[in-house]
Protein chains: 2
Amino acid sequence: MLKRERQAFILHRLNLHNKVLSVDLCKEIGVSEDTIRRDLQELSDAGRLIKVHGGALSMAFSEVKFAPLNVYSRAHKAIIAKKALRLIEDGMFVLTSGGTTILELVRNLPMNLRATIMTGSVPVINACIAYPKIDVVVVGDKLSKDSKLTVGVDAVEQISRVNAGLCFLGTNALDMEHGLTDNDREVVQVKKAMVNASAKVVCMTIAEKLQTYQPMQVCGLKKINYLVTELDPNDRILRPFIDAGITVI
Amino acid sequence: MLKRERQAFILHRLNLHNKVLSVDLCKEIGVSEDTIRRDLQELSDAGRLIKVHGGALSMAFSEVKFAPLNVYSRAHKAIIAKKALRLIEDGMFVLTSGGTTILELVRNLPMNLRATIMTGSVPVINACIAYPKIDVVVVGDKLSKDSKLTVGVDAVEQISRVNAGLCFLGTNALDMEHGLTDNDREVVQVKKAMVNASAKVVCMTIAEKLQTYQPMQVCGLKKINYLVTELDPNDRILRPFIDAGITVI
DNA sequence: CAGGTTCTTGCGTTTTTTTGCGGGAATTAT
DNA sequence: ATAATTCCCGCAAAAAAACGCAAGAACCTG
């Protein structure tokens, strides 16, 4: 096998699997590891792949998985935010949890919107301060450093005293069997209270989190009124949720 | 699984759920905890996540945007903050109001200090999040856009339920005749509640605000235990306060 | 075609990377 | 306070990479 052939083979393999191991390659092609290593080095120098200890990764892999974190799924979340905005009417009383999706929603609020937002999420509070016509009601109690959200019995109690028109929930995991689930006990308590205190519940999530689940349940699917994802509402992935009676946007 | 793959997996997981536990990761991936820990360390060094005891947190919404640094008399306020720090003991429960002087105090807290800080000031909450060993208790209620402080009967009620060891008050005006005074009705209510809920009250202020007064009284001089200014405690301006029984630092 | 040059490849050795493990320190939970 | 985790450090083994070298193939050139 010629050098060129070999390198083409490697690239082809890389497009299929996004990764190759030097060990596998040298067995399959029947050359020494040094040769493979030199091939990988050359291809790496030419910018066709990313050499790592033990083999190589495709450029696609690195772009997708190692994209700058602060823009991870940001575009998706902006789409979700814009769609969810339609649900907010002037003068509404809105409850929100935390999370980057919710934060994106708040950052996309129209400047002239008049509403009351009740939340225990510190980033959301920070974002809300910028809006002159929005009344912010802070949920007080112990601040969870992980989620940057106030949690605890006091928080639950304060939430249970209100009657919100709408509740936006950042979603950690959502599937048909377990409903809306999360991994932090205290956060689950707060979210539960929010669901019970609201006329309508809106779940906002990137599609990637659909059909996954976490250890603790916030609520069953029946309590969820709207599901907002970045996908087209007709996407087949969303079909089961529509069938379950959820309005998918 | 290659090292890079593993790290990509961790980052991906982190972006989905905002938090990962080393224990979970090493089970799922099938490597030792040390390996996971080293991965987390490397990713942390690269600034791609925040390592914490037991796992890691997503970088997504820990964008620490520092409030304006061009605060009036910042140097003076830093001196005041350093002096006031001496009053805080390990394990204390501390109440604080808002204001740039208080904020300066929080920013000068020692990293290893263990304490509980209860406050309704959004900037103070933001600053406190950075300290891993500080428990933050948020006072909830309506957020006043002017003072970035929660105010209202609920806030007052929550404050009145605690017994704090120390209360730091940002000071708007202080004089012999009217005591501690302020100009915002709702803020005054909150501050009153804080004074009543604390064993010791600390007023922090630049000397410029001494011997001035505002329309509404928070409390009389008798309730104030400590006065912290940028001046030397022996300064003659501070004499009357010492004579009134206040410990001047 | 002879002779020299360049390229490619494999081998042995050295160096680096990665990983797991044990024990003690530190931190957290009970 | 005490117990249980988790973390940190150094070590050692295994795997992989880098390096120099030399044999052979391919390629040019006169």
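Reckoned from all heavy atoms, side chains included, excluding hydrogens, waters and symmetry mates. Numbered from 1 within each chain, the chains take letters A, B, ... in sequence-line order.
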Revision key, fill the gap. Expected list for residues 22-33 of chain A near DNA chain C, using heavy atoms below 4.0 Å, is A:V31, A:S32
Point to revise | Which residues share a salt bridge (charged side-chain N to carboxylate O under 4.0 Å, His left out) with B:K148, sequence neighbours left out | key: none
Review point. Using a distance-only test with no angle check, is there a side-chain donor-acceptor pair under 3.5 angstrom linking B:D39 and B:Q7?
Key: yes
Study note, to complete from the structure: Its 5'-most and 3'-most nucleotides having an atom under 4.0 Å from a non-hydrogen atom of chain B, DNA chain C is contacted over C:dT18 to C:dT28
Review point. Is the NZ atom of A:K223 crowded by more than 12 outside heavy atoms at less than 6.0 Å?
Key: no
Give every donor-acceptor pair under 3.5 Å between a side-chain atom in residues 212-220 of chain A and any protein atom, sequence neighbours left out.
residue, atom, partner, partner atom, Å
A:T212, OG1, A:K209, O, 2.8
A:Q214, OE1, A:N183, ND2, 3.3
A:Q214, NE2, B:H17, ND1, 3.4
A:Q214, NE2, B:H17, NE2, 3.1
A:Q217, NE2, A:H178, O, 2.9

Check your understanding: Of all residues at least two apart in sequence or in a different chain, which pass the side chain to side chain donor-acceptor pair (under 3.5 Å) check with B:K192?
Key -> none
Exercise for review: State which residues pass side-chain contact (heavy atoms from CB on, under 4.5 Å) with A:L11; sequence neighbours excluded, sorted by chain then number.
Suggested key: A:L43, A:R48, A:L49
Revision key, fill the gap. The side-chain contact (heavy atoms from CB on, under 4.5 Å) partners of B:L21 (sequence neighbours excluded) come to B:D24
Point to revise | Interatomic distance, B:T205 atom OG1 to B:L227 atom CG [nearest 0.5 angstrom] | key: 7.5 Å
Review point. Distance-only, no hydrogens or angles: does the A:T35 side chain make a donor-acceptor pair with backbone N or O of A:V31 under 3.5 Å?
Key: no
Review point. So how far off straight is the helix from C:dC1-D:dG30 to C:dT30-D:dA1, going by the axes through five pairs at either end, to 10°?
Key: 40°
**Study point:** Close side-chain approach of A:K142 to B:V136, heavy-atom, < 4.5 Å
**Key:** no
**Study point:** Near-strand residues of residues 2-21 of chain A, defined as heavy-atom separation under 4.0 angstrom from DNA chain C
**Key:** A:K3, A:R6
Check your understanding: Which atoms form the tightest heavy-atom contact between A:A81 and A:M204, and what is the distance?
Key -> CA-CE, 4.3 Å
Practice item. Shoot me the first and last contacting nucleotide of DNA chain D against chain A, ordered 5' to 3', at under 4.0 angstrom to non-hydrogen atoms. Key: D:dA16 to D:dC19
**Study point:** Pairwise salt bridge (charged side-chain N to carboxylate O under 4.0 Å, His left out) hits with a residue in residues 12-23 of chain B, at least two apart
**Key:** A:D146-B:K19, A:D184-B:K19, B:R13-B:E28
Revision key, fill the gap. Contacts of A:G54 and B:H53 projected onto DNA chain D by closest heavy atom; the upstream (5') one is B:H53
Exercise for review: Using a strict 4.0 Å threshold on nitrogen-to-oxygen distance, state whether A:R161 and B:D154 make a salt bridge.
Suggested key: yes
Check your understanding: What residues, two or more places apart in sequence or in another chain, satisfy side-chain contact (heavy atoms from CB on, under 4.5 Å) together with B:R38?
Key -> B:D34
**Study point:** Salt bridge B:E42-B:K3, side-chain N to carboxylate O under 4.0 Å
**Key:** yes
